[in-house]
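Before any comments, here is the structure.
Quantities reported herein were computed from a predicted structural model and do not represent experimental measurements. Note on naming: letters A, B, ... go to the chains in the order of the sequence lines (proteins, then strands), and numbering restarts at 1 for each one.
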Amino acid sequence: MKQTVFLETPVNFSFRHTVYAHGWCDLRPFNLDEKNWRLSYVFADPAGAVSPAVISDAGGKLKIELLGTKVDKKKLLRDVRHILRIDEPLDEFYDLTRGEERLAWIAAANAGRLLRSPTVFEDLVKTICTTNCSWALTKNMVANLVESLGEESSGGDRAFPTPQAMASVPAGFFRDEIRAGYRSPYFAELAESVASGKLDPEEWLHSDLPTSELKKEIKKVKGVGDYAAENLLKLLGRYDGLALDSWLRSQFYKKHNKEKTCSDKKIEKHYKKFGEWKGLAIWCDMTERWFDGKL
DNA sequence: GCGTCCAGGTCTACC
DNA sequence: GGTAGACCTGGACGC
């Protein structure tokens with residue numbers, strides 16, 4: 001049985017720019033139907049109910065088609081607000097970038113919201129999956145996690161695995177089945193910490209710590225270095241760090257340094273004027289052309 | 001077919 | 001605090 005609900009969106013919200021803002025829409029249990037611009041995700045609630053939903057733009061609101069009936073509808077709507085960052089204020093960022101000719105498109109397009117997962121745990125695991133490998137391998141590892149350990153809905157769709165599910169298998173499982181390589185013990189340790197209550201990544205969403213201190217906390221997780229911590233901080237709504245990786249650096253060299261390599265300090269200096277928004281500024285700047293012909 | 005390189009890095013040991 | 005070397009995987013590339 002299918003249910004449809006609608007969710008109001010703010011005037012400066014762009015569904016397509018949010019969904020396509022970075023690669024997360026490509027990682028299970030997300031799936032993007034680019035032809036019809038429908039984003040699907042397999043939601044799960046703490047009671048274990050699993051429900052796929054399809055989200056699409058309905059002009060000033062979102063249309064959400066629920067394909068399961070058992071899921072907690074209130075929680076699901078909270079999750080949708082969270083993953084699409086509907087309540088995130090970007091006015092200050094837009095004011096800053098409007099003053100830059102090459103970045104004025106961001107406010108005009110209502111861009112800058114980065115799609116995220118319903119839980120910080122899921123974003124943390126996915127971020128570790130992006131380190132030191134190709135995007136194809138990242139997708140493969142995430143898909144293997146979902147297929148092997150994700151709770152299954154009545155229709156056969158699988159949610160992202162819970163910390164408990166990931167903690168129930170040995171490190172060797174991540175190596176042999178997930179193909180996570182050297183990351184395997186990191187996943188086993190992280191899952192055990194979260195499942196046992198020793199670590200609660202969801203607390204980072206509302207932490208009072210300054211970003212530099214929170215970054216130190218995040219880096220205590222094995223497998224998380226500067227890039228991964230700063231990438232996760234962006235998904236927590238903190239954009240002080242650039243989250244430089246080889247892709248972002250190469251894009252900067254092409255766009256702003258005549259295709260020549262340069263130091264990270266030079267990249268930092270380039271975006272310094274955006275202050276605590278510089279991480280979002282570089283990301284929007286480097287991904288501007290992603291939207292050519294896509295929207 | 002085989003070897004090498006490298007991609008949306010991080011950890012550890014050592015200085 | 002800075003640096004070198006090791007670490008998994010799998011696709012691309014050259015031979």
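- Between A/W290 and A/Y20, the two ring planes are perpendicular [angle over 60°; tilted spans 30° to 60°].
- Annotation: proximity of residues 246-269 of chain A to DNA chain B (heavy atom, distance under 4.0 Å) is found for A/S246, A/W247, numbered in ascending order.
- Within the 4.0 angstrom heavy-atom criterion, no nucleotide atom of any strand lies near A/A243.
- Here A/E268 pairs with nothing under the side-chain hydrogen bond (donor to acceptor under 3.5 Å, both in side chains) rule; sequence neighbours left out.
- Put simply, CD1 on A/I218 is 16 Å from C1' on B/dG9, counting in whole angstrom units.
- The minimum heavy-atom distance linking A/L39 with A/C25 is given by the pair CD1-CB, 4.2 Å.
- Going from atom OH of A/Y182 over to atom C1' of B/dA7 covers 11 Å, rounded to whole Å.
- No hydrogens or angles considered: a donor-acceptor pair under 3.5 Å links the side chains of A/T130 and A/Y227.
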N/O donor to acceptor pairs below 3.5 angstrom from side-chain atoms of residues 203-211 of chain A, sequence neighbours left out:
| from | atom 1 | to | atom 2 | distance (Å) |
| --- | --- | --- | --- | --- |
| A/S207 | OG | A/L209 | N | 3.0 |
| A/T211 | OG1 | A/R238 | NH1 | 3.2 |
| A/T211 | OG1 | A/D240 | OD2 | 3.2 |

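- Whole-Å rounding puts the A/F187 CZ to B/dG9 C1' distance at 13 Å.
- Ring orientation note: the planes of A/F174 and A/F187 are tilted relative to one another, at an angle of 30° to 60°.
- More than 12 heavy-atom neighbours from other residues, nucleotides or ligands sit within 6.0 angstrom of NZ on A/K255.
- Salt-bridge formation is not detected for the pair A/D57/A/K63: no Lys NZ or Arg NE/NH1/NH2 atom is positioned less than 4.0 Å from an Asp or Glu carboxylate oxygen.
- Look at CZ on A/R183: it is 11 Å from P on B/dT10, rounded to the nearest Å.
- Separating the NZ atom of A/K215 from the C1' atom of B/dG9 is a distance of 13 Å, rounded to the nearest angstrom.
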Pairing pattern in dot-bracket form [Watson-Crick, G-U; both distances under 3.5 Å; | = partner strand] for DNA chain C: |||||||.|||||||
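- Spacing between C/dC8 and B/dA13 at atom P, rounded to whole Å, works out to 15 Å.
- Note: A/F15 and A/F13 have tilted aromatic rings, judged against thresholds of 30 and 60 degrees for the angle between ring planes.
- For A/N132 and C/dA6, the CG to P distance is 14 Å, given to the nearest whole Å.
- A pairwise comparison of heavy atoms in A/R85 and A/K234 identifies NH2-O, 2.9 Å as the closest pair.
- Atom pair A/L244:CG and B/dA7:P shows a separation of 15 Å (rounding to whole Å applied).
- For A/W135 and B/dG8, the ring-to-base geometry satisfies the stacking test (centroid distance below 5.5 Å, interplanar angle below 30°).
- Residue A/V42 is found in a hydrophobic cluster whose other members, listed by chain and number, are A/V50; membership requires side-chain heavy atoms under 4.5 Å apart, directly or through intermediates.
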Can you give me the N/O atom pairs linking the protein to nucleotides 2-4 of chain B at distances under 3.5 Å, or say none if there are none?
none

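- For A/R98, the side-chain contact (heavy atoms from CB on, under 4.5 Å) partners are A/Y94, A/D95, A/A107, not counting sequence neighbours.
- Pairs of residues two or more places apart, or lying in two chains, that qualify as side chain to side chain donor-acceptor pair (under 3.5 Å) and include a residue from residues 269-278 of chain A are A/E92-A/W277, A/E100-A/K273, A/R102-A/H270, A/Y271-A/D285.
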Between the protein and nucleotides 10-13 of chain C, list every N/O to N/O distance that falls short of 3.5 Å.
| from | atom 1 | to | atom 2 | distance (Å) |
| --- | --- | --- | --- | --- |
| C/dG10 | OP2 | A/R179 | NH2 | 3.4 |

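- Remark: A/K75 engages A/D79 in a side-chain hydrogen bond (donor to acceptor under 3.5 Å, both in side chains) (not counting sequence neighbours).
- Per the geometry, CZ belonging to A/R175 stands 11 Å off P belonging to C/dC7, to the nearest Å.
- Note on ring orientation: taking the six-membered ring where Trp is involved, the planes of A/H22 and A/W24 are parallel (angle under 30°, cut-offs 30° and 60°).
- One hydrophobic cluster, built from ILVMFWY side chains closer than 4.5 Å, holds both A/I282 and A/W105.
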Protein-nucleic acid N or O pairs under 3.5 Å, nucleotides 11-15 of chain B:
| from | atom 1 | to | atom 2 | distance (Å) |
| --- | --- | --- | --- | --- |
| B/dC11 | OP1 | A/G223 | N | 2.8 |
| B/dC11 | OP1 | A/V224 | N | 3.4 |

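- Contacts classified as side chain to side chain donor-acceptor pair (under 3.5 Å) and involving residues 157-178 of chain A (residues at least two apart or in different chains) are given here: A/E152-A/R158.
- For the P atoms, the distance linking B/dG8 with B/dT12 amounts to 25 Å, nearest Å.
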